[in-house]
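Notes follow once the structure below has been shown.
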Amino acid sequence: SKPVLEIRNLNVEYGLGDQAVRAVRDVNLTLHRGEVLGLAGESGSGKSTLAYGMTRLLPPPGVITGGQVLYHPEQGEAYDVLGLSDRDLRAFRWAETAIVFQGAMNSLNPVHKISTQLTDVLRAHRPEMSEAACNDRAREMLKLVGIAADRMDAYPHQLSGGMRQRVMIGMALILQPQVVIMDEPTTALDVVMQRQILSQLIELRERLGFSVVFITHDLSLLVEFSNRIAIMYGGRIVEEAPAAAIYRDSLHPYSKGLLGSFPALRGPRRELTGIPGSPPDLKGMPSGCSFHPRCPKAFDPCSGNIPVLGRPDTPDGPTRSVACWLHPTEQPVG
Ligand code: ATP
Ligand code: SF4
Ligand code: MG
């Protein structure tokens, strides 16, 4: 299917000069229309930085130091999000690509009713809509995310965490964006709640037709709910493949390690092994493959040369990519 968002050689750093931390490194990633793309990786691997970078919401001292984020609108030519003016960017963020951040449920304004917070978004972006139409649309969105009509006039503190998160999803969807990015509610919500919210989002996607980027530590959730999964390590995408392929035969030793860190949902019970060692220090990255000090499969070339993300020489090669010296690649991705 067609791409909706194409990230090309994206680089993001925090700080300047000697002090700079390269948090996203040469990332190439394509989101296709209607798909759910899962993004996984240990804490600090750069998942949120990638999400903030591609929507230009990086908090200081974050800076994009290179790359492109090509967006394909439903109609018209593709354009580079990184080249938008501030004004166009504000419109882009809600109407084309919406984000629900880590702990977003706590960003609701405590002094306003939830219905008002939804209509405020409409008033700001759709000045041509009547008051009545705004109210109808807000009610419709809240209903869509499972908030009963009698809760519309509640204040955020009167709702549970899960309900507040659903309000945020309703708010993200209210302008009918093509892309919805959800950044890791794992830490904020329990896993049961997260599963409910994710399955609800996917049901909505089937009705409304948007694409989803879902970011979480929990690979088992991604295996269950996403079409494709990209795995990050030390700021780079190290593997990207259909969810079933990641689950059944991931090629990168780090992906295998991550899979071993979560209980399997179905099928044979896996032993929980985890990954020995700790994530790399971005200021003093190991040479070559940055995973090599922790990799059980490391061999000669690993410490000297950085493996480039490319299509593996396997029958399903065209559908996936990997950056590992164990898997010679045909052509680089991007
Ligand atoms: P988590 O799973 O914990 O959310 P993550 O994969 O989202 O982790 P990021 O938050 O993107 O990781 O962080 C990537 C790297 O960038 C980390 O090493 C982090 O310390 C660094 N970093 C993040 N935000 C800042 C900041 N504001 N200033 C400096 N460094 C930062
Ligand atoms: Fe392990 Fe080498 Fe592959 Fe890196 S390149 S994941 S060290 S085998
Ligand atoms: Mg994060």
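Just follow the structure's listing: the first ligand is 1, and inside any ligand the first atom is 1. Worth knowing before you read on, the calculation uses all heavy atoms, side chains too, and leaves out hydrogens, waters and symmetry mates. Counting from 1, the numbers follow the sequence of the chain as shown. What you see is a predicted model, and the numbers here were worked out from it, not measured in a lab.
Taking the side chain as every heavy atom from C-beta outward, His252 and Ile231 never approach each other to under 4.5 Å.
Between Phe291 and Tyr254, the ring planes are perpendicular. Angles over 60° get that label, and only those under 30° would be called parallel.
When all heavy atoms are compared, the tightest approach of Tyr233 to Ser278 is OH-O, 4.2 Å. Closest heavy-atom contact between Asp249 and Arg320: O-NH2, 2.9 Å.
Near atom 3 (Fe) of ligand 2, less than 2.8 Å away, sit the protein N, O or S atoms Cys324 SG.
Listed by atom number, the atoms of ligand 1 under 4.0 Å from Gly46 heavy atoms are 5 (P), 6 (O), 11 (O), 12 (O), 14 (C). Of all atoms in ligand 1, listed by their number and element, those nearer than 4.0 Å to a heavy atom of Ser45 are 6 (O), 12 (O). Short contacts between ligand 1 and Ala23, defined as distances under 4.0 Å to a heavy atom of the residue, involve ligand atoms 15 (C), 16 (O). Ligand 1 places these atoms under 4.0 Å from at least one heavy atom of Glu42: 6 (O). Interface atoms of ligand 1 facing Ser48, defined by a heavy-atom separation under 4.0 Å, are 4 (O), 5 (P), 7 (O), 10 (O), 11 (O). Counting the atoms of ligand 1 from 1 in the order shown, those under 4.0 Å from a heavy atom of Thr49 are 9 (P), 11 (O), 13 (O), 14 (C).
Ion pairing between Arg137 and Glu140 holds under the 4.0 Å rule for side-chain N and carboxylate O. Between Asp183 and Lys47, none of the side-chain N atoms (NZ, or NE/NH1/NH2) sits under 4.0 Å from a carboxylate O, so this pair counts as no salt bridge.
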Verdict with supporting geometry, Asn11 and Arg22, side-chain hydrogen bond (donor to acceptor under 3.5 Å, both in side chains): CA-CA 7 Å; Asn11 282 277; Arg22 288 185 65 200; 3.0 Å; yes
Audit row: Arg33, Gln178, side-chain hydrogen bond (donor to acceptor under 3.5 Å, both in side chains) steps and yes/no: CA-CA 8 Å; Arg33 252 171 231 290; Gln178 288 204 91; 2.4 Å; yes
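When ring centroids are compared, Tyr71 and Phe92 come within the 6.0 Å threshold.
Ligand 1 does not have Met232 within reach: every non-hydrogen atom of the residue lies 4.0 Å or more from it. At least one heavy atom of Leu282 sits under 4.0 Å from some atom of ligand 1. Heavy atoms of Gly41 come nearer than 4.0 angstrom to ligand 1 in no pair at all.
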Can you give each donor-acceptor pair under 3.5 Å made by side-chain atoms of residues 279-289, sequence neighbours left out, with the distance rounded to 0.1 Å?
residue: Asp281; atom: OD1; partner: Lys283; partner atom: N; Å: 2.9
residue: Ser287; atom: OG; partner: Ser303; partner atom: O; Å: 2.5

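At least one N/O-N/O distance between Gly44 and ligand 1 falls below 3.5 Å.
A side-chain hydrogen bond (donor to acceptor under 3.5 Å, both in side chains) with Thr30 is found for one member of Arg228, Arg8, Glu35, Glu6 and no other, namely Arg8.
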